[in-house]
Amino acid sequence: MTVRANSSGGPVVSTLLILGGTADARALAAAVLARRPGMRVVTSLAGRTAAPNLPEGEVVTGGFGGAAGLADYIAAEGVDALIDATHPFAAEISKSAVEAATIAHIPRLVLARLPWVFVQNAAVQHVRNINAAKSTLETDGKRVFLAIGRQEINQFNSLKDRFFLLRFVDPPQTAPDFLQCQVLTGRPGTLEDERSILQQFAIDTLVAKNGGSDASRAKIDAALELGIRVILIDPPAPPPPPHADSVEGALAWLDGL
Ligand code: NAP
């Protein structure tokens, strides 16, 4: 890899790879391009949604084939900095990012919001993982909004004696294997949207991942406003540092390279 130097002797980042799939990743791509119009900014998406919200700059889709594949991509494209702005629950790609950055000898940053904190709020139950969320539901919750995406929902389908409201970005290819459920298609909405969904389906329990993002927070606020119980799943252990918890923090890291 050729490393150019800036006026203070530090390396110049000319190609930045952002691992995306989040609102923060999109905001970061736009902010970097606004600040450094000459920089090549590539955002990578897993390719799970049919019509993703696209960021500014270049986009690649569909995965790299593990850490080795990502390291190969970094070398082939001359990527000289990597920002992992994936969702805090996307643990596999974050692990690949750590390994690939090490193999390719490029700096890597994690951009992730801090988890939401609800101090002494009796309506919020924090659980360690999906299994714990299911165990918690076994004792209570007749009409449940299971707002955790689509990948792990089947872990709940043995709970036959209750209604589940599911929401996916794209319509599912096959009907979810639930005795009583309704599927909504779409992305997280505004406080008003979420309030009206919770009321329309007479939801008594919301199960969600504690992703920390503003983009998915409204459903929690709406539930708490309506006195609905919230089961909040803790994120897995974060990837190794350095971390930034805001787009501004990530820009500052980039400026310091
Ligand atoms: P994951 O389990 O960590 O990743 C599984 C595989 O998908 C990875 O090994 C990688 O394939 C590919 N992949 C994931 N994110 C990628 C990216 N940004 N660019 C290129 N390849 C990617 O991920 P996940 O939990 O399925 O999440 C998939 C995407 O959805 C992530 O980008 C994440 O930001 C977004 N998302 C996830 C959640 C969630 O709750 N998990 C919520 C909102 C958004 P290869 O090994 O072939 O490279």
Side-chain angles (χ1 to χ4, degrees), residues 16-29 41-55 57-77 79 81-101 103-104 108-113 115-116 127-131 133 145-156 166-170 172 185-189 206-220 231-240 243-244 247 250:
L16 170 69
L17 175 62
I18 299 173
L19 301 174
T22 60
D24 277 337
R26 282 192 301 281
L28 176 65
V41 177
V42 183
T43 298
S44 160
L45 303 175
R48 301 273 160 75
T49 51
N53 286 327
L54 290 175
E58 293 178 39
V59 176
V60 289
T61 303
F64 300 98
L70 178 53
D72 288 347
Y73 176 87
I74 288 169
E77 294 295 322
V79 172
L82 175 64
I83 299 186
D84 172 5
T86 56
H87 191 271
F89 283 74
E92 285 307 311
I93 186 68
S94 292
K95 199 162 154 264
S96 288
V98 173
E99 288 176 38
I103 295 169
R108 172 200 57 96
L109 175 79
V110 177
L111 168 58
R113 296 299 182 94
W116 301 306
V127 295
R128 267 180 305 150
N129 49 37
I130 296 266
N131 265 344
F145 183 9
L146 189 54
I148 60 168
R150 67 183 165 184
Q151 290 189 76
E152 294 113 336
I153 53 159
N154 283 344
Q155 297 192 41
F156 292 83
L166 308 170
R167 178 165 65 194
F168 308 129
V169 175
D170 295 315
T185 304
R187 294 185 163 85
L206 167 68
V207 180
K209 292 176 173 175
N210 193 342
S213 160
D214 293 347
S216 50
R217 161 92 191 218
K219 60 182 179 289
I220 315 277
I231 299 174
L232 210 46
I233 304 167
D234 291 339
H243 293 171
V247 168

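Each ligand, and each atom within it, is numbered from 1 in the order the structure gives. Nothing fancy with the numbering, it's 1 onward along the sequence.
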- Query: Can you list the steps and then say if Ser44 with Phe64 is a side chain to side chain contact (heavy atoms under 4.5 Å, CB included)?
  - Reply: CA-CA 9 Å; Ser44 160; Phe64 300 98; 3.3 Å; yes
Heavy atoms, side chains only, cut-off 4.5 Å: are [X] and [Y] in contact?
X      : Y      : result
Ser216 : Lys209 : no
His87  : Pro235 : no
Ile130 : Phe156 : yes
Leu70  : Leu17  : yes
Leu54  : Leu45  : yes

Check each of [options] against [atom] and report the one with the nearest heavy atom.
atom                    : options                      : value
atom 29 (C) of ligand 1 : Ser216, Ala46, Ala25, Gly21  : Ala46
atom 46 (O) of ligand 1 : Ser213, Ser96, Pro236, Gly66 : Gly66
atom 7 (O) of ligand 1  : Glu152, Arg48, His87, Arg187 : Arg48

Which of the numbered atoms in ligand 1 are under 4.0 angstrom from any heavy atom belonging to [X]?
X      : result
Lys209 : 39 (C), 40 (O), 41 (N)
Ser44  : 17 (C), 18 (N), 19 (N), 20 (C)
Thr86  : 18 (N), 32 (O), 34 (O)
Ala91  : 3 (O)
Gln151 : 24 (P), 25 (O), 26 (O)

May I ask whether [X] has any heavy atom positioned less than 4.0 angstrom from an atom of ligand 1?
X     : value
Lys95 : no
Gly65 : yes
Gly20 : yes

- Message: side chain to side chain contact (heavy atoms under 4.5 Å, CB included), that's the test. Do Phe89 and Ile233 meet it? Break it down for me.
- Response: CA-CA 10 Å; Phe89 283 74; Ile233 304 167; 4.0 Å; yes
- Query: When you measure from atom 9 (O) of ligand 1 to every protein heavy atom, which one gives the shortest distance, and what is it?
  - Reply: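 Going atom by atom, the protein heavy atom closest to atom 9 (O) of ligand 1 ends up being Glu92 CB, 3.9 Å.
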- Measure the distance from atom 10 (C) of ligand 1 to every protein heavy atom, then report the residue, atom name and distance (to 0.1 Å) of the closest one.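 Ranking protein heavy atoms by distance from atom 10 (C) of ligand 1, first comes Ile93 CD1, 4.0 Å.
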- Query: If you look only at pairs with a residue in residues 42-53, which of them pass as a salt bridge (Lys or Arg N to Asp or Glu O under 4.0 Å), with sequence neighbours excluded?
  - Reply: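 Of all non-adjacent pairs touching residues 42-53, none passes salt bridge (Lys or Arg N to Asp or Glu O under 4.0 Å).
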- Query: Based purely on interatomic distance, does Gly62 place a nitrogen or oxygen under 3.5 Å from a nitrogen or oxygen of ligand 1?
  - Reply: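 No - when backbone and side-chain N and O of Gly62 are compared with those of ligand 1, no distance drops under 3.5 Å.
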- Query: Can you find an N/O atom of Ile148 closer than 3.5 Å to an N/O atom of ligand 1?
  - Reply: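 No, no N or O pair falls under 3.5 Å.
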- Task: Could you tell me whether Leu45 approaches ligand 1 through its side chain, its backbone, both or neither, with non-hydrogen atoms closer than 4.0 Å?
- Result: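 Backbone only.
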- Item | Any protein heavy atom < 4.0 Å from atom 25 (O) of ligand 1 |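 Protein heavy atom within 4.0 Å of atom 25 (O) of ligand 1: present.
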- Query: Asp84 side chain to Ala97 main-chain N or O, any donor-acceptor pair under 3.5 Å?
  - Reply: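 The answer is no, because no donor-acceptor pair under 3.5 Å joins these two groups.
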- Hey, is the main chain of Leu19 close enough, under 3.5 Å, to the side chain of Thr86 for a donor-acceptor pair?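 Not at all, since once roles are kept as given, no pair shorter than 3.5 Å links the two residues.
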- Query: Can you name the residues that form a side chain to side chain donor-acceptor pair (under 3.5 Å) with Glu77, not counting sequence neighbours?
  - Reply: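 Once residues adjacent in sequence are excluded, the partners of Glu77 under the side chain to side chain donor-acceptor pair (under 3.5 Å) criterion are Arg40.
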